[in-house]
Engineer: 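Before I ask anything, here is the structure I am working with.
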Amino acid sequence: MAVAAAPDHLFHLRNNFYLGSFQAAINNSDLPNLSPDDAVERDCLVYRSYIALGSYQLVINEIDSAAATPLQAVKLLALYLSNPHDKESTIASLKEWLADPAIGSNAVLRLIAGIVFMHEEDYIEALKHTNAGGTMELHALNVQIFIKMHRSDYAERQLRVMQQIDEDHTLTQLANAWLNLAVEAYLIFQDFSEKYPMTGLILNGKAVCCIHMGNFDEAETLLLEALNKDAKDPETLANLVVCGLHLGKSSSRYLSQLKLTHPEHILVKRASSAEDSFERAVQSVA
């Protein structure tokens, strides 16, 4: 007679985190009868949810030096994201921990290393720590890294590994969606660009795919080429605004041009709504 699998007490908490319901993950984290390992995983997910919501200092303050290695790794992520001007010391600490034989193979530490080095766009260094896999999150992160490297062949291999482990897992489904969104659409527009004269529509299509893959520099290059073809095209201007925000560049010129030539564009309406809300907030405390 088959032995029934133990209940997965963290199933819903994990899914909330994976799908971006960070506040729900925090609110529903008071789970009884957890094993010590499950309790550490629960705490990691909760603190990573706080990080995703921008509450870095809360995480830094609450995780002390006596906490387990996975929690210390999560604290390092909070330190890295909270102070981008002093990230070198955090990265140095991370490398020191990874080189420690006692803790260097910890799955959460390797995951955090992958996230940090992916932020640094040092994909080779990220893969040194994630490529061995070991958890579904590590495999999913590998898919993201390979997509950013334009290596859809390797991303597909990682996806197949995940499908063999559990094709219904939320992360497997998400990885499949990322790959289809990033790769198939890009290849379609790439095929168009090779067969037909390059148009603003094709350039914008490729640029949007690059934005989804996190390749903002390439997206900007494509969009500037599209702008040279038509300086008033609303989608080019809107995509340049979005791209500029991700690159930390001023995009006010493009937004002003969009307001002037296409005042009914959805991005103009959203920007105006945000400005109005800000003005009301300022007046309410004046």
Side-chain angles (χ1 to χ4, degrees), residues 16-24 49 51-55 81 84 118-119 121 144 147-148 150 152 170 173-286:
N16 278 329
F17 177 77
Y18 297 153
L19 295 172
S21 296
F22 303 118
Q23 194 61 55
S49 295
I51 289 172
L53 294 172
S55 299
L81 293 172
M118 189 170 74
H119 268 276
E121 297 185 2
Q144 289 182 308
I147 288 172
K148 286 182 178 293
H150 295 293
S152 59
T170 302
Q173 298 296 315
L174 281 173
N176 195 12
W178 298 332
L179 190 56
N180 288 334
L181 176 69
V183 177
E184 291 186 17
Y186 184 86
L187 292 175
I188 290 168
F189 284 111
Q190 181 66 27
D191 187 50
F192 282 152
S193 67
E194 292 170 359
K195 287 181 178 178
Y196 305 106
M198 191 69 81
T199 65
L201 186 148
I202 293 172
L203 288 163
N204 270 277
K206 290 178 71 175
V208 169
C209 293
C210 289
I211 289 171
H212 278 291
M213 290 188 282
N215 299 323
F216 303 111
D217 289 318
E218 184 179 347
E220 183 185 42
T221 300
L222 291 164
L223 291 167
L224 290 174
E225 187 180 342
L227 195 67
N228 285 333
K229 294 182 179 294
D230 183 355
K232 295 182 179 179
D233 179 69
E235 297 314 310
T236 302
L237 292 166
N239 287 329
L240 277 166
V241 171
V242 173
C243 207
L245 290 171
H246 283 286
L247 289 169
K249 295 182 178 180
S250 173
S251 53
S252 57
R253 178 164 69 93
Y254 304 123
L255 185 57
S256 297
Q257 179 71 4
L258 188 62
K259 287 179 179 178
L260 185 65
T261 56
H262 298 86
E264 295 302 309
H265 193 280
I266 184 65
L267 191 64
V268 172
K269 289 183 176 180
R270 286 179 178 173
S272 297
S273 176
E275 288 169 4
D276 291 344
S277 297
F278 178 75
E279 285 298 326
R280 286 196 298 273
V282 169
Q283 290 170 8
S284 70
V285 298

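Treat the numbers as computed from the prediction; the structure is a model and nothing was measured.
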Engineer: Using 30° and 60° as the class boundaries, would you call the ring planes of Phe192 and Tyr196 parallel, tilted or perpendicular?
Structural biologist: tilted
Engineer: Between atom CG of Leu81 and atom NE2 of His119, what is the distance when rounded to the nearest 0.5 Å?
Structural biologist: 5.0 Å
Engineer: Which heavy atom of Lys229 sits nearest a heavy atom of Leu203, and at what distance?
Structural biologist: CE-CD1, 3.8 Å
Engineer: Rounded at 0.5 Å granularity, tell me how far CG in Leu174 sits from CD in Gln144.
Structural biologist: 9.0 Å
Engineer: Would you tabulate the side-chain donor-acceptor contacts of residues 16-23 under 3.5 Å, counting partners in other chains and residues two or more places apart, or write 'none'?
Structural biologist:
from  : atom 1 : to    : atom 2 : distance (Å)
Asn16 : ND2    : His12 : O      : 3.4
Gln23 : NE2    : Asn27 : OD1    : 3.1

Engineer: State whether the side chain of His265 and the backbone N or O of Leu267 hold a donor-acceptor pair below 3.5 Å, judged by distance alone.
Structural biologist: yes
Engineer: Look at the side chain of Ser55 and the backbone N and O of Ile51, then say whether any donor-acceptor pair between them is shorter than 3.5 Å.
Structural biologist: no
Engineer: Would a distance-only check, ignoring hydrogens and angles, find a side-chain to backbone donor-acceptor pair under 3.5 Å from Asp233 to Thr236?
Structural biologist: yes
Engineer: Once rounded to the nearest 0.5 Å, what's the spacing between atom CD of Gln257 and atom OG of Ser251?
Structural biologist: 13.5 Å
Engineer: So if I apply the side-chain contact (heavy atoms from CB on, under 4.5 Å) rule between Leu237 and each of Leu227, Asp230, Val268, Leu255, which one comes out positive?
Structural biologist: Leu227
Engineer: If you round to the nearest 0.5 Å, how far is OG1 of Thr221 from NZ of Lys206?
Structural biologist: 11.0 Å
Engineer: Distance from Leu240 atom CG to Leu223 atom CG, nearest 0.5 Å?
Structural biologist: 4.5 Å
Engineer: If you round to the nearest 0.5 Å, how far is CG of Leu245 from OG of Ser250?
Structural biologist: 9.5 Å
Engineer: For Asn180 and Asn176, indicate whether the former's side chain and the latter's backbone hold a donor-acceptor pair under 3.5 Å.
Structural biologist: yes
Engineer: Do Lys249 and Glu220 sit within salt-bridge range, that is, some charged N less than 4.0 Å from a carboxylate O?
Structural biologist: yes
